[in-house]
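For reference, the structure discussed in these notes is given below.
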Number of protein chains: 2
Amino acid sequence: MDSANIRDRRKIQKPMGVPEIVVGRLPLYLRALSHLPEEVKAITSDELGNLLGISSAQIRKDLSYFGEFGKQGSGYEIDYLRQQLQQILQVDKQWPVALVGVGDLGQAILSYGGFQERGFYIDVAFDVDPQKFGKSFNDIQILPVSQMSKFIAEHELLIAIVAIPSSVAQMVADELVQAGVRAILNYAPVTLNVPEHVRVYHIDPAIGLQNMTYYL
Amino acid sequence: MDSANIRDRRKIQKPMGVPEIVVGRLPLYLRALSHLPEEVKAITSDELGNLLGISSAQIRKDLSYFGEFGKQGSGYEIDYLRQQLQQILQVDKQWPVALVGVGDLGQAILSYGGFQERGFYIDVAFDVDPQKFGKSFNDIQILPVSQMSKFIAEHELLIAIVAIPSSVAQMVADELVQAGVRAILNYAPVTLNVPEHVRVYHIDPAIGLQNMTYYL
DNA sequence: TATTGTGAAATTCTTCACAGCC
DNA sequence: GGCTGTGAAGAATTTCACAATA
């Protein structure tokens with residue numbers, strides 16, 4: 001990189017044209033850094049690669065899309081790299097998330113304590129079952145889905161977790177998008193159709209299992 | 001493909017050197033086929049591609065690694081293609097699976113009815129909490145983890161689902177591998193280190209969310 | 001006629017290998 | 001001396017485009 005990088009400092013945070021596959025690995029790097037023993041202050045790309053089963057060259061190249069975070073001779077200072085990754089991924093703040101569906105899975109998600117330290121908190125939950133209205137898990141209130149659009153739009157929530165049956169997932173997704181949601185974590189085992197500007201991340205355990213049985 | 005394909009009929013099922021990324025898409029194709037209305041008997045690669053947000057060329061090329069399943073002019077017969085995909089992925093039978101960890105998430109997994117039709121059933125569950133021993137969800141018995149290795153080895157279980165805290169996940173994974181498990185669906189938010197011959201599929205909702213926040 | 005299956009081309013992604021720097 | 005950052009090379013993946021054919 002030539003001296004232009006001094007002028008371009010603004011751009012380091014969000015350079016254009018970073019491949020999606022690279023962005024997809026950043027959360028893995030961040031997670032690995034968070035699991036390191038306190039006393040370790042620095043890590044080389046080689047060590048991080050071994051932890052993750054990834055080549056050191058790939059880690060260095062991935063990071064180089066966003067800036068120069070390492071020191072020749074000694075590697076990456078862990079606190080600093082973590083902070084940088086959190087900034088890049090925008091998880092240096094806490095995002096409010098809406099949960100749709102408070103069945104068994106939804107309740108497990110409500111009880112899960114792991115989101116906080118990764119940049120998220122469940123702000124509100126929605127369900128169709130009147131028995132659940134007003135109840136709350138972990139201080140999170142459960143509202144009727146009929147109020148979903150209004151609540152999400154008014155509170156400007158951008159992220160939703162969908163934990164409902166496949167049969168209604170697309171309909172609910174449409175409504176979420178309409179209300180302004182731009183990122184959906186979808187637990188329903190069905191491909192959701194959404195506009196360009198909305199992202200969907202699918203979680204389907206059976207897909208994972210079927211992936212592996214091929215090789216058994 | 002020349003006339004050799006007649007002799008090689010045996011190999012169509014498991015041709016060598018199919019890229020992992022191709023195998024990874026097969027479960028998506030299978031899932032999409034399963035969600036089609038009963039009355040639809042055939043589908044073109046173009047239609048299937050639109051459902052999945054994938055190019056038709058990619059679908060055709062992916063399938064061509066395993067055989068010729070379509071008909072020029074009319075596309076793929078759905079029942080037939082589904083059957084073929086199930087065979088290729090080896091989910092034309094039911095795999096018994098061990099679940100480790102019966103916390104909130106583990107219980108949601110036990111209650112989940114969706115595995116059956118995708119080729120899997122939870123055969124047994126393990127936990128450390130004596131309060132849970134002997135109880136059963138959906139007729140699945142909960143045993144102490146101390147009996148895990150023995151049970152898995154004796155019943156020759158090859159697949160396990162890990163739904164336990166990160167702190168103990170690696171230890172349990174080592175034990176599972178030792179007992180003969182060759183595929184692990186890991187819900188603990190930590191990269192597991194396993195030998196070559198064992199596959200791990202990671203499910204971590206926070207990774208999915210962090211993936212998307214980059215683009216918000 | 002419509003759509004598959006597939007070599008070849010184009011593109012994307014990963015690894016190599018080393019100058020530069022701490 | 002050891003490790004990063006990075007062009008260039010190499011490998012993998014996707015798309016193109018069209019002959020073959022139901």
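In this text the structure is predicted, and so the values were computed from the model without any measurement. Convention: sequence-line order gives letters A, B, ...; per-chain numbering from 1.
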Query raised in the report: Over how many whole Å does the gap from I43(A) atom CD1 to dG2(D) atom P extend?
Result: 18 Å

Requested in this report: Determine: side-chain N/O of S74(A) to OP1/OP2 of dC3(D), distance under 4.0 Å, yes or no.
Outcome: no

Query raised in the report: What nucleotide, of dT4(D), dT6(C), dT15(D), holds the atom closest to the side chain of S45(A)?
Result: dT4(D)

Report summary line: Q72(B) meets the side chain to side chain donor-acceptor pair (under 3.5 Å) criterion, sequence neighbours left out, with none

Requested in this report: Take atom CZ of F69(B) and atom P of dG5(C), then tell me their distance rounded to the nearest Å.
Outcome: 9 Å

Query raised in the report: Rounding to a whole Å, what distance do you find between E68(B):CD and dG7(C):P?
Result: 11 Å

Report task. Give the rounded distance in Å between these two atoms: CD of Q58(A) and C1' of dG7(D). Result -> 17 Å

Report task. Quickly work out the I59(B) CD1 to dT15(D) P distance and round it to whole Å. Result -> 11 Å

**Report entry** Gap between atoms CD1 and P, on I54(B) and dT15(D) respectively (whole Å)
**Finding:** 9 Å

Query raised in the report: Is it true that R199(B) and E20(B) make a salt bridge, defined as a side-chain N closer than 4.0 Å to a carboxylate O?
Result: yes

Report summary line: Whole-Å distance, K61(B) NZ to dT4(C) C1', equals 12 Å

Requested in this report: Could you tell me whether S56(A) contacts a base, only the sugar-phosphate backbone, or nothing, with contacts defined as non-hydrogen atoms closer than 4.0 Å?
Outcome: nothing

**Report entry** Earlier contact from the 5' end, DNA chain C, for Q72(A) and V22(A)
**Finding:** V22(A)

Query - Out of dT6(D), dT3(C), dT4(D), whichever nucleotide has its closest atom nearest the side chain of T44(A) - result: dT4(D)

Query raised in the report: Does L30(B) reach the side chain of R82(B), with side-chain heavy atoms less than 4.5 Å apart?
Result: yes

Query raised in the report: Are the charged groups of D204(B) and R118(A) less than 4.0 angstrom apart, N to O?
Result: yes

Query raised in the report: Would you say a side-chain N or O of R25(B) is under 4.0 Å from OP1 or OP2 of dT14(D)?
Result: yes

Query - N or O in side chain of Y76(B) less than 4.0 angstrom from dG5(C) OP1/OP2 - result: yes

**Report entry** CD/E38(A): more than 12 non-hydrogen atoms of other groups inside 6.0 Å
**Finding:** no

Requested in this report: Over 60° means perpendicular and under 30° means parallel, so classify the ring planes of Y112(A) and F115(A), tilted if in between.
Outcome: perpendicular

Requested in this report: Using heavy atoms to find the nearest nucleotide of DNA chain C for K71(A) and P19(A) separately, return the residue whose nucleotide is more 5′.
Outcome: P19(A)

Report summary line: So, with a heavy-atom separation below 4.0 Å from DNA chain D, the residues of residues 31-41 of chain B are none

Requested in this report: Tell me, please, which residues at least two apart from D174(A) pass side chain to side chain donor-acceptor pair (under 3.5 Å).
Outcome: Q170(A)

**Report entry** Whole-Å gap separating P (dT14(D)) and CD (E20(B))
**Finding:** 13 Å

Requested in this report: May I ask you to evaluate whether R60(B) reaches the phosphate of dT4(C), defined as a side-chain N or O under 4.0 Å from OP1 or OP2?
Outcome: yes

